[in-house]
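Have a look at the structure below, then the notes.
Throughout, residue positions are numbered sequentially from 1 according to the sequence presented. Basis for what follows: all heavy atoms, side chains included, without hydrogens, waters or symmetry-related copies. All values derive from a computational prediction rather than experimental measurement.
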Amino acid sequence: MKYLSVLLLAIPIYATAQTKDLDTVNSRWHMLTYDMGNIFKGVGHSYSRPFHWKGEQWADFGMVVGGTGLVYLFDDNTSRLIRNNREGVPRWIRDYGELYGSPENNYIATTGVYLTGLFLKNEKLRRTGVLLIASATSAGLLQQVLKSAVGRARPLAELGKDTFDPFNSSRNFHSFPSGHAILAFTNAYAIAKQFKNPWLKAGIYTVGAIPGISRVWDGQHWLSDMVFAFAISIATVESIDRYLDSKYDQKYNDQSKKLSWNLTFGPGQVGLNIEF
């Protein structure tokens, strides 16, 4: 009877443990399916935004186009100046820019953030992962379409900044915009949203800008390719982040983003300031 009593006591304990394990699996599975749905819906939401733009949004878009056009006018000189200073940049920085901006490494990093949040059941990390993956997917697909449709020749093609051949399959005509710049800066901008400290934000933005700059150093892109890529990153992240506000309790800093452009020249130097 003593052994029977122990057995009868152990059965509900074991059953309770099994139930808890099953609840944990089901809970994470529910989180995963919910988050995957928000990724796909977030991408669709970002593409539908232009159909809902009003005067202010169209004014911002016009400012971005005008700023990119201004940078484009000086692309030959600015891009050449950046390329000429390439050897003065430490090799490890250039290597980082090339590796981190690649789609494969980008998705390894963003998926790692999301899976960590899922494993820990941390909504903020999960939401950050969803924002990173959805934004990179949306902006990445858009840049692939634009590259082909615009058909701008890369600097290394040595055809000048004004050469365009739309839908040319050669990668020498896939310059605008920069894919490395978009993926890396999209990540940086999404991560920086979690912080209020302007110096910390600036540091994150700088790290995220290096892959785009590295492509200009290597002659793969013009400066305006990188500038427009940054604008796409900001607009995409902001759009998807606002969509996710209605899906998650965790919110980031709610601030309206505007872009301002300032192109300056001086003896032996050129400066481009983008404030947002």
Side-chain angles (χ1 to χ4, degrees), residues 64 67-106 108-109 136 139-140 143 147 152-163 170-192 195 197-234 259-276:
V64 169
T68 304
L70 181 61
V71 178
Y72 168 83
L73 293 176
F74 303 97
D75 259 344
D76 279 327
N77 293 329
T78 55
S79 299
R80 185 183 306 111
L81 178 63
I82 293 173
R83 289 198 304 274
N84 289 342
N85 287 279
R86 176 178 180 270
E87 297 306 320
V89 180
R91 181 59 182 264
W92 66 269
I93 293 181
R94 303 204 307 267
D95 289 343
Y96 153 75
E98 174 65 25
L99 291 173
Y100 184 66
S102 69
E104 298 85 359
N105 294 328
N106 178 82
I108 289 174
Q143 64 90 16
K147 277 186 175 184
R152 190 182 191 188
R154 296 181 186 270
L156 284 180
E158 298 183 348
L159 297 173
K161 69 179 182 65
D162 301 320
T163 301
S170 171
R171 69 178 306 275
N172 284 335
F173 292 88
H174 291 172
S175 185
F176 182 89
S178 169
H180 278 65
I182 282 180
L183 291 179
F185 200 75
T186 293
N187 285 356
Y189 190 77
I191 292 171
F195 305 98
N197 187 299
W199 294 106
L200 183 57
K201 282 179 174 287
I204 296 172
Y205 292 150
T206 299
V207 172
I210 290 175
I213 298 173
S214 73
R215 301 295 279 173
V216 182
W217 281 328
D218 293 340
Q220 295 292 336
H221 291 285
W222 306 92
L223 182 60
S224 60
D225 300 337
M226 181 188 75
V227 168
F228 195 73
F230 288 169
I232 290 177
S233 295
I234 295 170
L259 296 178
S260 63
W261 308 74
N262 183 25
L263 190 65
T264 59
F265 293 94
Q269 64 179 2
V270 60
L272 172 67
N273 297 321
I274 309 177
E275 297 181 1
F276 40 83

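Counting all heavy atoms, side chain and backbone alike, Arg154 lies closest to His174 at NH2-O, 3.1 Å. Residues Thr186 and Ser233 approach most closely at OG1-OG, 3.0 Å, considering heavy atoms. The two atoms that bring Ile182 and Ala139 nearest to each other are CG2-CB, 3.4 Å, heavy atoms only.
The side-chain contact (heavy atoms from CB on, under 4.5 Å) test applied to Pro198 returns no partner, not counting sequence neighbours. Take Asn106 and apply the side-chain hydrogen bond (donor to acceptor under 3.5 Å, both in side chains) test, not counting sequence neighbours, and it matches Asn187. Considering only residues two or more places apart in sequence or on other chains, Ser178 meets the side-chain hydrogen bond (donor to acceptor under 3.5 Å, both in side chains) condition with none of them. The side-chain contact (heavy atoms from CB on, under 4.5 Å) search around Asp76 returns Arg80, Lys161, Trp222, not counting sequence neighbours. For Ser79, the side-chain hydrogen bond (donor to acceptor under 3.5 Å, both in side chains) criterion is met by no residue, not counting sequence neighbours. For Ile210, the side-chain contact (heavy atoms from CB on, under 4.5 Å) partners two or more places apart in sequence, or in a different chain, are Ile93, Tyr96. The side-chain contact (heavy atoms from CB on, under 4.5 Å) search around Thr206 returns none, not counting sequence neighbours. Scored by the side-chain hydrogen bond (donor to acceptor under 3.5 Å, both in side chains) test, Asn85 finds no partners at all (sequence neighbours excluded).
Between the side chains of Tyr72 and Asp162, at least one donor N or O lies within less than 3.5 Å of an accepting N or O. Side-chain contact of Arg83 with Thr78: a donor-acceptor pair under 3.5 Å is absent, judged by distance alone.
Put simply, CG on Asn172 and CG on Leu159 are 8.0 Å apart, with the number rounded to the nearest 0.5 Å. Asp75 CG to Met226 CE: the interatomic distance, rounded to the nearest 0.5 Å, is 10.0 Å. The distance from the CG atom of Asp225 to the CD atom of Gln143 is 11.0 Å, given to the nearest 0.5 Å. Taking OG of Ser214 as the start and CD1 of Ile82 as the end, the distance is 11.0 Å to the nearest 0.5 Å. Between Thr68 atom OG1 and Phe230 atom CZ the span is 11.5 Å, to the nearest 0.5 Å. A distance of 8.5 Å separates CZ in Arg171 from CG in Leu156, rounded to the nearest 0.5 Å.
Within the 4.5 Å cutoff, no side-chain heavy atoms of Pro211 are placed close to those of Arg94. Between Pro155 and Gln220 there is no side-chain heavy-atom pair separated by less than 4.5 Å. Put simply, the side chain of Ile204 does not reach to within 4.5 Å of the side chain of Val207, judged on heavy atoms. With contacts defined as side-chain heavy-atom distances shorter than 4.5 Å, the pair Val71/Phe228 does not qualify. The closest side-chain heavy-atom distance from Phe185 to Ile232 is not below 4.5 Å.
Between the side chain of Lys147 and the backbone N or O of Phe176 there is no donor-acceptor pair closer than 3.5 Å.
For the salt bridge (charged side-chain N to carboxylate O under 4.0 Å, His left out) condition, the pairs that include at least one residue of residues 205-220, sequence neighbours left out, are Arg86-Asp218, Glu98-Arg215.
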